[in-house]
Each structure stands twice: as C-alpha cells, then as structure tokens.
Amino acid sequence: MPGDLVFSGADTPATVQFLIDIIPVQLAAEKLARLSGVDSDHVSLCSFIVEDEYGLLPEEPGSSSARN
C-alpha cells in the first residue's frame, strides 16, 4: 500500500525541506543504475565541462579571464 512507503523523520524547516524530499528519489536512481550496470558517478550525457565564468559561451572581447 502507498502508506507503507512513508517514513517519519524529525521536523525540518520549510527552507530545507526540498533537500529531505529528494533523498528517496536519489536512492532509487542509484539503485536502478546499479541494477542496470551503469556507473551512477559517471556523467555520460554531457560532454561539456565549464572551466570559467562564461560557461559554454565564448569569452567577451577585451576581457581577461584567469585560467588555472
């Protein structure tokens, strides 16, 4: 029954309740990834890595960004 899938925890402030609400979804996603043999720590759908404040956009002309 759906009521069996509910657990009670400590009272949480409304400002951080969304963090608590997402935990079961994250756990389910990891379990499904393991069952399907996928490494859940590997990003496979995004080939871009943002390295500076411009993200995927080209740098603005005349700006000097410090790269590590």
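The first residue of the sequence shown is numbered 1, and numbering continues consecutively from there.
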Visitor: Going by salt bridge (Lys or Arg N to Asp or Glu O under 4.0 Å), name the pairs with one or both residues in residues 9-36, residues two or more places apart or in two chains.
Guide: Glu30-Arg34

Visitor: Say you draw a straight line from CG of Leu27 to CG of Leu32; how long is it, rounded to the nearest 0.5 Å?
Guide: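 It comes to 11.0 Å.
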
Visitor: For Phe18, what are the other residues in its hydrophobic cluster, where any two members join if their side-chain heavy atoms are less than 4.5 angstrom apart?
Guide: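 Members alongside Phe18: Val16, Leu19.
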
